[in-house]
Amino acid sequence: MTGPARDDGTPIRVLIADDQDLVRIGLRALLESEDDLVVAGEAADGLGAVDLARTHRPDVVLMDVRMPGIDGIEATRRIAADPALAGTRVIVLTTFEIDAYVFDALRHGASGFLTKDTKPAELVRAIRLVAGGEALLSPSVTRRVVREFASRPARVLRPHPRLDALTDREREIVGLVGEGLSNDEIAARLMVSPATARTHVSRAMVKLHARDRAQLVVFAYQSGLVD
């Protein structure tokens with residue numbers, strides 16, 4: 001199968017991190033069947049994933065959660081915190097859609113998550129989406145994740161230090177992103193055009209230094225913009 005070419009014609013380089021041999025073999029076979037995807041390496045544990053990411057600087061990391069050594073959450077945190085890996089995006093692979101690790105993964109810099117029973121075509125689409133700078137976090141899943149973690153009794157608010165830089169409208173927009181609304185849904189809620197909603201979301205991302213939409217969800221939750 002042939003995927004859409006990138007602007008510069010280079011393939012998307014993907015690092016696979018999973019402690020199960022069969023899972024890595026299956027993912028490699030899938031990726032190698034796509035003309036625009038290349039396997040940049042394979043890791044069987046979290047430390048290996050971080051080391052290979054620093055060596056090969058892949059565009060996307062498919063990161064399992066439960067691995068020996070450091071887990072996928074800590075590996076994601078280290079990758080996202082490394083300035084040299086600013087161009088690397090992490091997709092966390094989970095066994096269950098609502099998993100105790102999901103919000104922590106997003107908080108530590110993951111661009112989204114997928115369940116391991118995701119259909120191959122959807123996984124390939126997700127890799128291309130994240131490599132292009134988008135967040136892999138559908139509105140319906142966002143709502144479920146936020147509802148799950150907002151109900152925790154030990155929730156502690158940590159307002160983003162740049163929150164005051166947002167206009168009232170931008171704060172409202174970030175809150176709606178945190179609720180899981182798409183740009184079209186935000187536009188309908190606020191009775192503005194979808195283009196205006198996109199502009200507000202983009203400006204909020206720039207002001208908050210958010211890597212992608214997934215981080216806006218985290219900022220909204222931590223800053224108390226989502227009930």
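Taking a cutoff of 4.0 Å between a charged side-chain nitrogen and a carboxylate oxygen, R128 and D36 qualify as a salt bridge. Using a cut-off of 4.0 Å between Lys/Arg side-chain N and Asp/Glu carboxylate O, R171 and D168 are scored as not salt-bridged. Taking 4.0 Å as the cut-off between side-chain N and carboxylate O, D184 and R189 do not count as a salt-bridged pair.
Between Q222 and V217 the shortest side-chain heavy-atom distance does not fall below 4.5 Å. Side-chain atoms of P11 and L37, non-hydrogen and from C-beta on, never get closer than 4.5 Å to each other. Between I127 and L62, the closest side-chain pair of non-hydrogen atoms falls below 4.5 Å. Side-chain contact between L30 and V124 is present, with at least one heavy-atom pair separated by less than 4.5 Å.
Scanning all heavy atoms of the two residues, the minimum distance from R78 to V50 falls at CB-CG2, 4.1 Å. Nearest heavy atom pair, residue A204 against residue V174, reads CB-CG2, 3.6 Å. Shown here for A220 and G175, the closest heavy-atom pair between the two residues is CB-CA, 4.5 Å. Taking both residues in full, the closest heavy atoms of G46 and A75 are given as O-CB, 3.7 Å, listed atom of the first, atom of the second, then distance. Across all non-hydrogen atoms, the minimal contact from A40 to P58 is CB-CB, 4.2 Å. L208 and F219 make their closest contact through O-CE1, 3.7 Å (heavy atoms, listed as atom of the first residue, atom of the second, distance).
To the nearest 0.5 Å, atoms CD1 (I186) and CE (M191) are separated by 14.5 Å. Atom CZ of R13 sits about 7.5 Å away from atom NE2 of H56, to the nearest 0.5 Å. Interatomic distance, CD of E122 versus OG1 of T115, reported as 10.5 Å (0.5 Å rounding). Taking CG from L123 and CD from E34, the interatomic distance works out to 9.5 Å, rounded to the nearest 0.5 Å. To the nearest 0.5 Å, the span separating CG on D71 from CG on D45 amounts to 11.5 Å. Going from atom CG of L216 over to atom CG of L176 covers 11.5 Å, rounded to the nearest 0.5 Å.
In this structure, the side chain of K207 engages the main chain of A165 through a donor-acceptor pair within 3.5 Å. No donor-acceptor distance shorter than 3.5 angstrom exists from the side chain of R54 to the backbone of A49, with no hydrogens or angles considered. The backbone N or O of V60 lies less than 3.5 Å from no partner atom in the side chain of R89, so there is not a single donor-acceptor pair. Proximity of a side-chain donor or acceptor of E172 to a complementary backbone N or O of R169 within less than 3.5 Å is not detected. For the pair D59 (side chain) and T88 (backbone), a donor-acceptor distance under 3.5 Å is absent. Of the possible donor and acceptor atoms, none in the side chain of T118 sits under 3.5 Å from a partner among the backbone N and O of L114. Here the side chain of R24 pairs no donor or acceptor atom with the backbone of I16 at under 3.5 angstrom. At distances below 3.5 Å, at least one donor-acceptor pair connects side-chain atoms of S223 with backbone N or O atoms of H160.
Each of V90, V130, V61 was evaluated against S111; a single residue qualifies, V130, per the side-chain contact (heavy atoms from CB on, under 4.5 Å) test.
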Quiz item: Can you check side-chain hydrogen bond (donor to acceptor under 3.5 Å, both in side chains) on T196 and S193, steps first, answer last?
Solution: CA-CA 5 Å; T196 298; S193 71; 2.9 Å; yes
Exercise. Just do the side chain to side chain contact (heavy atoms under 4.5 Å, CB included) check on V39 and V14 with the steps written out, would you?
Key: CA-CA 5 Å; V39 176; V14 183; 5.8 Å; no
Self-check item: Test side chain to side chain contact (heavy atoms under 4.5 Å, CB included) applied to D164 and L166, step by step
Solution: CA-CA 5 Å; D164 290 343; L166 299 182; over 6 Å; no
Quiz prompt | salt bridge (Lys or Arg N to Asp or Glu O under 4.0 Å) between E170 and R203, intermediate numbers included | solution = CA-CA 8 Å; E170 288 164 351; R203 287 176 179 169; 5.2 Å; no
Exercise. I would like to know whether R57 and L85 meet side chain to side chain contact (heavy atoms under 4.5 Å, CB included); could you show each step before the answer?
Key: CA-CA 6 Å; R57 299 190 183 185; L85 297 176; 3.8 Å; yes
Exercise. Starting from the C-alpha separation in whole Å, work towards a yes-or-no answer on side chain to side chain contact (heavy atoms under 4.5 Å, CB included) for V177 and M205.
Key: CA-CA 11 Å; V177 171; M205 288 178 62; over 6 Å; no
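Linking Ile, Leu, Val, Met, Phe, Trp and Tyr whenever their side-chain heavy atoms come within less than 4.5 Å leaves V38 and L52 in two separate clusters.
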